[in-house]
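Taking it in order: structure first as structure tokens, then the write-up.
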Amino acid sequence: MVQEPIISVRSLTAGYGDVRILEDVSFDVSPGEILMIVGGSGCGKSTLLKHMIGQLPPINGEILVDGCCLNTCSTSEYHDLLKRIGVLYQGSALLSSLTVGQNVALPILEHTDLPKDAVDSLVRIKLSMVYLDGSENLLPSELSGGMKKRAGLARAMALNPKILFFDEPSAGLDPITSSELDRLILQLNKIFKTTMVVVTHELRSIFSVAQRVIVLDKETRGIIAQGTPMDLKNNNAHPLVRDFFNPPGQDVCD
Ligand SMILES: Nc1ncnc2c1ncn2[C@@H]1O[C@H](COP(=O)(O)OP(=O)(O)O)[C@@H](O)[C@H]1O
Ligand SMILES: [Mg+2]
């Protein structure tokens, strides 16, 4: 049986005001899937992500996320959708003046009226899920790069979202910390069946995490290839895709 997509992007022209960055882009994401969006710097990966979370309005086309049409939904429907999605931004976006615990509590306080003890318990559980037990009272400046990402992930997961969006989760991390974050993403996907949409340009992450990949291209302003990482490595005729997935002197499938 074919599953209904949880995200549907239909003939999207994405950009800023009149500036078109991507044109006529269509793809679906299935529930529980890990989709990676890849492509060279400046091709529009972050722009596409911002449209998918409703931060930018489509210039043309339609975006449906978990039953909510971002073009036509009301403010309260959109607010409701925000409870069902989580976002980990490129720089983690933790508020530096708040403790780690207060950062994770933010979405819970914004979207629920749970009593303080329940909020504190939820914060502890979320931090434990990303292996940051006991770090509630630390400030973001006291965390390493990898810990900041995990704290951002705990905040993104605060309300048990059905969909998690990541913008370059490995950016600024060393390879080992980056692999640990990849393992955590896989683990959360497996345990909670969370749908994951991940923007990246890290080949190792793509091969260890992605179930399906779409490749964006700056020249054509669209999707030039899609498939599993192995498909794209072995069976793609497009020279950009072939080169990206087969960098000289590196076997990414080790
Ligand atoms: N706020 C903005 N206003 C206008 N143009 C922007 C804005 N943000 C990004 N851009 C432009 O959109 C293009 C795609 O950027 P981006 O989506 O950040 O690329 P990527 O994430 O793939 O590196 C770039 O040419 C960038 O300069
Ligand atoms: Mg980007």
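Every number for a ligand or one of its atoms is a count from 1 in the order of the listing. In this chain, residues are counted from 1 in sequence order.
Shortest contact from atom 7 (C) of ligand 1 to any protein heavy atom: Y16 CZ, 3.2 Å. The single protein non-hydrogen atom nearest to atom 15 (O) of ligand 1 is T47 OG1, 3.7 Å, given as residue, atom name and distance. Protein heavy atom in closest approach to atom 14 (C) of ligand 1: G42 O, 3.4 Å.
Side-chain contact, N160 with K126: a donor N or O sits under 3.5 Å from an acceptor N or O. For the residue pair D182/S205, the side-chain donor-acceptor check at 3.5 Å is satisfied.
Residue Y131 places its OH atom among 12 or fewer non-hydrogen atoms of other residues, nucleotides or ligands, all under 6.0 Å distant. Residue I176 places its CD1 atom among 12 or fewer non-hydrogen atoms of other residues, nucleotides or ligands, all under 6.0 Å distant.
Between F245 and F207, the two ring planes are perpendicular [angle over 60°; tilted spans 30° to 60°].
Proximity of I21 to ligand 1, defined as any heavy-atom pair under 4.0 Å, is confined to the side chain (atoms from C-beta onward).
Looking only at side-chain heavy atoms (C-beta outward), F166 and L153 come within less than 4.5 Å of each other.
V197 and V213 are members of different hydrophobic clusters when ILVMFWY side chains are connected at heavy-atom separations under 4.5 Å.
Expressed to the nearest 0.5 Å, how far CZ of R212 lies from CG of D231 amounts to 11.0 Å.
Electrostatic pairing of R124 and D120 does not count as a salt bridge here, judged by no charged N lying under 4.0 Å from a carboxylate O.
Only protein atoms were considered; those of element N, O or S under 2.8 Å from the Mg ion (ligand 2) number 1.
There is no protein heavy atom closer than 4.0 angstrom to atom 26 (C) of ligand 1. Proximity of atom 23 (O) of ligand 1 to the protein is indicated by at least one non-hydrogen atom lying closer than 4.0 angstrom.
Using a non-hydrogen distance threshold of 4.0 Å, S41 registers as a contact of ligand 1.
A distance-only check finds a donor-acceptor pair linking the side chain of K45 to the backbone of G40 [under 3.5 Å].
Backbone and side-chain nitrogen or oxygen atoms of S46 are examined, and one is located within less than 3.5 angstrom of a nitrogen or oxygen of ligand 1.
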